[in-house]
Protein chains: 2
Amino acid sequence: MADTAGGAGAAEAAGLPVTGWAVLGLLSFGRELSGYDLKKWADASLGLFYWSPSFSQIYGELRRLERAGYARSRLVAPESGSRGKRTYRITDEGLAAVRAWARETPVDPPVLKHGPMLRLWLAHLLDPSEMRAVLTHHRDHADRMHARARLDAAHAATEPAWAGPALTLRWAERYYAAERDLADAMLRDIEAPEGPAEP
Amino acid sequence: MADTAGGAGAAEAAGLPVTGWAVLGLLSFGRELSGYDLKKWADASLGLFYWSPSFSQIYGELRRLERAGYARSRLVAPESGSRGKRTYRITDEGLAAVRAWARETPVDPPVLKHGPMLRLWLAHLLDPSEMRAVLTHHRDHADRMHARARLDAAHAATEPAWAGPALTLRWAERYYAAERDLADAMLRDIEAPEGPAEP
DNA sequence: CAGCGCATGTAATCTGTTACATGATTAG
DNA sequence: CTAATCATGTAACAGATTACATGCGCTG
């Protein structure tokens with residue numbers, strides 16, 4: 001319902017899921033992009049501090065954004081008989097909406113689902129070598145993410161008007177450095193003769 | 001299908017969602033608990049490094065665990081005509097299964113959905129005072145979590161045989177301290193006259 | 001010209017949440 | 001004695017993922 005009748009698709013406004021705002025946020029930088037491009041960009045930027053939605057969800061959100069009047073799409077047909085893709089551009093209403101969202105909606109707190117810690121929490125089911133393996137693996141992962149963030153941050157710093165992305169990339173760089181150090185600290189805790197003893 | 005026919009409920013084994021393993025992990029500490037108790041305990045311990053499932057999901061997972069033969073429930077009827085609740089206890093098969101899961105299943109990497117960073121990533125839609133507000137609010141949140149973890153870690157350290165929980169609580173304590181420091185660092189970045197300049 | 005991978009999407013499924021229903025106990 | 005709150009659960013819904021379908025373009 002609601003989408004029946006000739007109701008010229010004017011903004012249904014109201015509740016978009018956060019993912020929808022994230023996609024609209026990607027578009028708010030002004031470029032005209034396809035779902036595929038958005039996914040790749042989301043992996044590279046959003047993925048460092050927010051999870052990156054799957055292709056199918058991005059396509060779904062784009063359809064919803066267009067229905068709400070926040071984005072407009074057009075079919076781009078290439079010279080030869082190539083596939084023909086659909087690209088999206090944000091509308092003025094969309095820009096106003098995402099700005100209002102960013103300013104007025106209460107920020108929901110960070111959500112963490114830390115797989116490695118979930119394992120180590122069950123230390124009574126593991127032996128020390130397995131715990132070490134989990135931690136070193138996690139340490140390496142954090143290190144890789146740190147390197148990625150470092151590179152991207154350096155790159156973003158060159159582009160002006162990218163204050164936001166540059167800021168959060170810098171944050172991510174520090175975050176993953178901290179994550180790596182925390183893994184190292186825990187490895188030391190495990191190696192320590194007995195109870196960590198509060199200093 | 002599959003659940004039809006009198007197939008005496010013997011372990012269907014195979015794929016439990018991670019949440020299922022987390023609940024079974026809670027039970028693996030040996031206590032007999034109701035869904036309500038599990039929820040409260042999950043909020044206090046799991047919630048610091050992994051999200052805490054809702055009541056309804058816990059109830060659902062418990063039913064699934066029992067069907068799989070990993071837990072057994074019984075109705076506890078109180079002396080007077082009180083409500084009568086259902087408590088769960090892990091079975092030997094359940095303990096073996098969760099141990100095998102903890103040891104053999106590849107650890108999935110940490111998942112982060114950082115609401116505050118999502119906002120700051122859209123800095124071009126905010127003005128400086130709004131950015132500061134997001135950050136100070138986040139800083140306070142991290143500080144509160146830090147205090148919680150600190151208390152719980154101290155408490156867990158007294159109980160022996162709680163190596164795992166104590167270890168992860170200690171990790172959480174450091175994690176939220178780092179999170180608070182990162183927020184402070186970003187506040188300084190914003191205040192800084194211009195580009196952060198890589199030292 | 002056969003097969004593999006990229007690019008664009010759709011459909012089916014499953015995980016997890018919010019809203020609701022029920023009863024018992026406690027506070028005013 | 002009524003209202004609020006705790007405790008236990010169920011049902012309906014929404015968000016998100018995996019699997020599938022399609023077609024072009026390149027490599028062997």
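All heavy atoms count here, side chains included; hydrogens, waters and symmetry mates do not.
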Round to a whole Å and report the spacing from [atom1] of [X] to [atom2] of [N].
{"X": "B:Leu62", "N": "D:dT10", "atom1": "CG", "atom2": "P", "value": "11 Å"}
{"X": "A:Ile58", "N": "C:dG9", "atom1": "CD1", "atom2": "C1'", "value": "13 Å"}
{"X": "B:Leu75", "N": "D:dT8", "atom1": "CG", "atom2": "P", "value": "12 Å"}
{"X": "A:Asp108", "N": "C:dT17", "atom1": "CG", "atom2": "P", "value": "13 Å"}
{"X": "A:Tyr59", "N": "D:dT18", "atom1": "OH", "atom2": "P", "value": "16 Å"}
{"X": "B:Leu16", "N": "C:dT15", "atom1": "CG", "atom2": "C1'", "value": "12 Å"}
{"X": "B:Asp43", "N": "D:dA7", "atom1": "CG", "atom2": "P", "value": "13 Å"}
{"X": "A:Lys40", "N": "C:dG9", "atom1": "NZ", "atom2": "P", "value": "14 Å"}

So, does the side chain of B:Ser54 form a donor-acceptor pair with the base of C:dT18 at under 3.5 Å? no
Check: Looking at D:dT8, does its base get a donor-acceptor pair with the side chain of B:Ser34 below 3.5 Å?
Finding: no
*Under 6.0 Å between ring centres, would you say that holds for B:His124 and A:Trp162?*
no
B:Tyr175 and B:His146 aromatic centres sub-6.0 Å: no
It should be established whether [X] places a side-chain nitrogen or oxygen under 4.0 Å from OP1 or OP2 of nucleotide [N].
{"X": "A:Thr19", "N": "D:dG15", "answer": "no"}
{"X": "A:Arg63", "N": "C:dG9", "answer": "no"}
{"X": "A:Trp51", "N": "D:dA16", "answer": "no"}
{"X": "A:Gln57", "N": "D:dG15", "answer": "no"}
{"X": "A:Lys39", "N": "C:dC6", "answer": "no"}
{"X": "A:Lys113", "N": "C:dG16", "answer": "yes"}

Of the candidates D:dT10, C:dT15, D:dG9, the side chain of B:Ser56 sits closest to D:dT10
When rounded to the nearest 0.5 Å, the distance separating CZ of B:Arg148 from CG of B:Leu169 is 9.5 Å
- request: Would you check if B:Leu122 and A:Arg99 make a side-chain contact, meaning some heavy-atom pair closer than 4.5 Å?
  value: no
Comparing A:Ser52 with B:Tyr36, nearest DNA chain D nucleotide closer to 5' gives the residue B:Tyr36
- Distance-only donor-acceptor check, side chains B:Thr19 and B:Glu61, under 3.5 Å: no
